[in-house]
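Just follow the structure's listing: the first ligand is 1, and inside any ligand the first atom is 1. All residue numbers in this chain count up from 1 along the given sequence.
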Amino acid sequence: MFRDSTTRSAGEVAADQAAAALPQGRPVKLRINGVSRKYGDAFALRPSDLDIEQGEFVTLLGPSGSGKTTLLMMIAGLVHPTSGEIWIDGRKATRQQPYERDVGMMFQSYALFPHMTVGENIAFPLKMRRASDAAIRTAVEDVLEQIKLPHIRNRFPSELSGGQQQRVALARSIVHRPSVVLMDEPLAALDKSLRAHMQLEIRQLQQQLGITVLYVTHDQEEAMTMSDRICLMNEARIEQVATPAELYFSPRTVFAAGFVGESNSFDGEIVSTDGAQALVRTPFGQITGRLMGAGSKGARCKVMVRPEAVSCSSVDASGQNMIAGEVLSHVIAGAIARTYVRTRDGQACVATDLTRRTGDAPSGQVVMSFRIEDTLVYGDGS
Ligand SMILES: Nc1ncnc2c1ncn2[C@@H]1O[C@H](COP(=O)(O)OP(=O)(O)O)[C@@H](O)[C@H]1O
Ligand SMILES: [Mg+2]
């Protein structure tokens, strides 16, 4: 890491560098600089860096226990970091109290106050920041318009539907116009259709008002649907930060390829490499793919291919990579049809296609083919 010879911290230097970079990009609203948290000897979050620009929607995505909530709680000021600095809108917030920080919160554990009306709930962050009664009244009215619920100010949370409660919680998180809004699995308790609806609503409001959001979910589809960028987390560290498309088409690690979307995975050995490509020996012949990260001749590797990149054919087989196999079953799963194939050495593979009314389902002996650019090769250690 870069070290400055003066007494200034790495975080201050980094903030200056970000400010210097302003003309090209948007201002950095949130900077996580070497932030970690330990409980006893175990890291809940290893030292991590992340910048979020003004107006961005960034999602922390990862399995349960990967450190997402810990990071959010540190930004909110509810958990103290073991190391590192947190910058909010150019100000060092690491040692600020939660109410001093310029953040809004929509947490599962921070539900609406049942004994307060909707208006009082929404006014809460403004009261904590000692806003005047007049300012509070105007701000609450404005935000109720924004969430399209102008007439519920005097109701109690128990008198609202689940979706309305979520919208009130959203209103409470943005009413004081915070620099960053933090949301921890805010839709986890909702049923599927309401959740899909609220995803769109939150995203639309965020874009319309230009709000900066750091969102947490373990649901990859939710992350892909809502985010400008996804910060993928695994085992207390950041695995990859990328746009949804980058993460899907160029996952940097085997974990990333497996966690986001579906993948077929084969073991192999690297025969040779040529720039960004690798030739791999597998139990069913040689395959060429894109080398993701390090990998040298003779190294063990994993080959990953998305099911929709695989086509099954009994007639022509003219793909760049080909594997022979036998169809086990063909299933119409809705918009997508899935073909399960067993390779000659007994490995299970799946190919997906859009479901069509006409056309024969693949059966019997087939050849699965897929393109080099859709074939990802991960050397040992990735
Ligand atoms: N207060 C705590 N005391 C001890 N361990 C904790 C505490 N909070 C979180 N952890 C541990 O830190 C890790 C990350 O937890 P968390 O940030 O809640 O993960 P996530 O939100 O991704 O599910 C887990 O292994 C969890 O058990
Ligand atoms: Mg969590």
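Assignment of Pro63 to the shell around ligand 1 is supported, since a heavy atom sits closer than 4.0 Å. Within the 4.0 Å heavy-atom shell around ligand 1 one does not find Gly62.
Using a 4.0 Å cut-off to heavy atoms of Ser66, the atoms of ligand 1 that qualify are 19 (O), 20 (P), 22 (O).
Phe113 and His115 have tilted rings, their planes meeting at an angle from 30° to 60° on a 0 to 90° scale.
Atom NE2 of His330 has more than 12 heavy atoms from other residues, nucleotides or ligands within 6.0 Å. No more than 12 heavy atoms of other residues, nucleotides or ligands lie within 6.0 Å of CG in Asp133, so this atom counts as exposed by the packing criterion. Atom CD of Glu100 sits in a crowded spot, with more than 12 heavy atoms from other residues, nucleotides or ligands closer than 6.0 Å.
At a threshold of 4.5 Å between non-hydrogen side-chain atoms, the residues Val180 and Ile52 do not count as touching. For the pair Phe370/Ile287, a side-chain contact is recorded, criterion being any heavy-atom separation below 4.5 Å from C-beta on.
Among Thr69, Asn234, Leu61, the residue whose heavy atom lies nearest to atom 21 (O) of ligand 1 is Thr69. Counting only non-hydrogen atoms, the option in Met74, Met233, Arg37, Lys68 that gets closest to atom 22 (O) of ligand 1 is Lys68.
What sits closest to atom 8 (N) of ligand 1 on the protein, heavy atoms only, is Tyr39 CE1, 3.5 Å. Here the heavy atom of the protein found nearest to atom 24 (C) of ligand 1 is Gly65 O, 3.8 Å. Atom 15 (O) of ligand 1 has as its closest protein heavy atom Thr70 OG1, 3.8 Å.
Using a 4.0 Å cut-off between a side-chain N of Lys or Arg and a carboxylate O of Asp or Glu, Asp51 and Lys29 do not qualify as a salt bridge.
For a threshold of 3.5 Å applied to N or O pairs, the pair formed by Ala44 and ligand 1 contains no separation below that value.
Within a 4.0 Å radius of atom 4 (C) of ligand 1, the protein contributes at least one heavy atom.
In summary, an N, O or S atom of Thr69 is located under 2.8 Å from the Mg ion (ligand 2).
Within the structure, the ring-ring contact (aromatic ring centres under 6.0 Å, His included) test picks out the following pairs touching residues 269-301 (sequence neighbours left out): Phe266-Phe284.
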